[in-house]
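Residues take their numbers from the sequence shown, with the count starting at 1.
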Amino acid sequence: MNCFKAYLELIRYPLFAIPIVATLPGALIASEGHFTWRVVVTLLIALCGYFAGMIKNDYFHHETDKHTNPERPLPSQRLTPQQAIVPASVIYGLCVIGGFWLNIKSGLLVMGLVAISHLYNATFKARGILGSLTLPLGIGLLNVFGALAVSGTVPRLVWYAFAATTLYDLGTHITTTFKDISRDKELGILTTPLQIGIRPALLLSAVATVLAFTIAFLPYWLEPDLQKSYIVWVILGIIATVGTRISLYLQPNEKNGYFALKGSMVGSIFFFPCLIGAQVSIVVSTAIIVPLLLVTLLLLKTTRQEV
């Protein structure tokens with residue numbers, strides 16, 4: 001049981017909604033709003049791949065975690081590094097097989113997503129702006145994977161979702177680094193604010209976030225045949241994001257950085273899947289998005305696990 005709990009900590013299961021909401025737009029847009037078996041398998045592959053990436057993150061950084069997060073499973077020796085790297089690699093392999101089982105295009109993209117995850121965890125995470133660009137690219141490409149896995153093609157609307165998701169996650173990733181900025185500076189871990197400066201990093205985060213919301217509004221103006229109710233989720237994402245980032249811009253410190261991160265998580269669950277509302281009714285999109293948000297908040301509160 002202790003080993004099982006340690007693995008749950010490794011995969012950071014309270015964050016399960018992130019890969020789901022990032023993959024849903026591509027999958028549901030490509031399936032024209034129908035929950036087919038392909039949509040379910042696609043979401044499962046995305047979820048498992050995300051968990052494997054979390055495990056590899058702790059594997060590659062377990063030496064640093066001895067100083068920064070000694071209570072985590074690897075530095076606390078509840079699990080050995082081998083007990084982390086082996087299942088993570090097996091899960092990645094199964095995700096690749098699942099991708100190719102759906103079709104060749106999705107299989108190739110899963111291989112690319114695994115490569116992006118590996119590069120981020122092994123190298124780019126501590127390389128400043130490279131890390132802030134790499135991880136959001138992988139999250140954004142989950143939209144494309146969802147479409148390819150379901151239909152083998154990428155509808156135009158999915159490219160809006162890809163661009164909006166990537167840019168939003170870029171802005172989020174930069175704000176994320178503020179929650180540990182003092183510790184990172186002390187340990188020599190290079191993050192975007194430490195590489196380019198605090199104010200330039202905040203400006204880059206703001207520009208990326210504004211562009212993300214702008215792109216999400218474009219289908220509302222340019223695609224006349226879509227259901228316009230999807231815009232509700234964009235607006236809720238804006239409220240959650242802006243409302244929790246103001247304090248960080250006024251006082252860039254770790255406390256406000258963590259508050260902005262939690263707000264961005266809520267904003268992500270509203271915003272990432274917003275364009276599914278262009279294919280399904282507001283009732284259906286609510287039935288998808290709201291439970292994911294409530295379960296995430298409940299898990300974060302009950303497990304007290306750090307985001």
Using side-chain contact (heavy atoms from CB on, under 4.5 Å) as the criterion, list what pairs up with L44, not counting sequence neighbours.
C48

Remaining members of the apolar cluster that contains L130, side-chain heavy atoms under 4.5 Å:
L119, F124

Mind checking salt bridge (charged side-chain N to carboxylate O under 4.0 Å, His left out) for K66 and listing every partner two or more places apart, or none if nothing turns up?
E63

Quick one: does any side-chain atom of Y230 pair with a main-chain N or O of Y220 as donor and acceptor, under 3.5 Å?
yes

Look only at the side chain of N57 and the backbone of G53, and say whether a donor-acceptor pair between them is shorter than 3.5 Å.
no

Give me each pair satisfying salt bridge (Lys or Arg N to Asp or Glu O under 4.0 Å) with a member in residues 143-165, each pair once, sequence neighbours excluded.
R156-E223

Show me, pair by pair, the donor-acceptor contacts under 3.5 angstrom made by side chains of residues 264-285, not counting sequence neighbours?
from	atom 1	to	atom 2	distance (Å)
S264	OG	R245	NE	3.4
S264	OG	R245	NH2	3.0
S264	OG	A260	O	3.0
S268	OG	S264	O	2.7
S281	OG	V284	N	3.3
S285	OG	W233	NE1	3.1
S285	OG	S281	O	3.3
S285	OG	I282	O	3.1

List in chain and number order the residues that pass salt bridge (charged side-chain N to carboxylate O under 4.0 Å, His left out) with R127, two or more places apart in sequence or in another chain; answer none if no residue qualifies.
none

Does a donor on one side chain and an acceptor on the other come within less than 3.5 Å for T165 and N143?
yes

Donor-acceptor pairs under 3.5 angstrom involving side-chain atoms of residues 291-300: please list them, not counting sequence neighbours.
from	atom 1	to	atom 2	distance (Å)
T296	OG1	L292	O	2.8

Per the salt bridge (Lys or Arg N to Asp or Glu O under 4.0 Å) rule, what does the pair list look like for residues 168-178, sequence neighbours excluded?
none

Between F162 and W159, how do the two ring planes meet: parallel, tilted or perpendicular, split at 30° and 60°?
perpendicular

So, using side-chain contact (heavy atoms from CB on, under 4.5 Å) as the criterion, who are the partners of S132 when residues are at least two apart?
I129, L170, H173, I174, T192

Among pairs that include at least one residue of residues 25-39, which meet side chain to side chain donor-acceptor pair (under 3.5 Å), considering only residues two or more places apart or in two chains?
none

Check this for me, if you would: do D180 and K185 make a salt bridge, where the nitrogen-to-carboxylate-oxygen distance has to be below 4.0 angstrom?
no

For F213 together with Y168, are the ring centres under 6.0 Å from each other?
yes

Who passes side-chain contact (heavy atoms from CB on, under 4.5 Å) against A206, sequence neighbours left out?
Y249

Determine, for F60 and K125, whether the Lys NZ or Arg CZ falls below 6.0 Å from the six-membered ring centre while staying within 45 degrees of the axis.
no

Within 6.0 angstrom of L108 CG, more than 12 heavy atoms from elsewhere:
yes

Can you give me the closest heavy-atom contact between V110 and F145, atom names plus distance?
CG2-CE1, 3.4 Å

Ring centers of H118, Y92 separated by less than 6.0 Å:
no

Please determine whether the number of non-hydrogen atoms from other residues, nucleotides or ligands lying under 6.0 Å from atom CD of E254 exceeds 12.
yes

Non-neighbouring partners of S76 that pass side chain to side chain donor-acceptor pair (under 3.5 Å), sequence neighbours left out:
R78

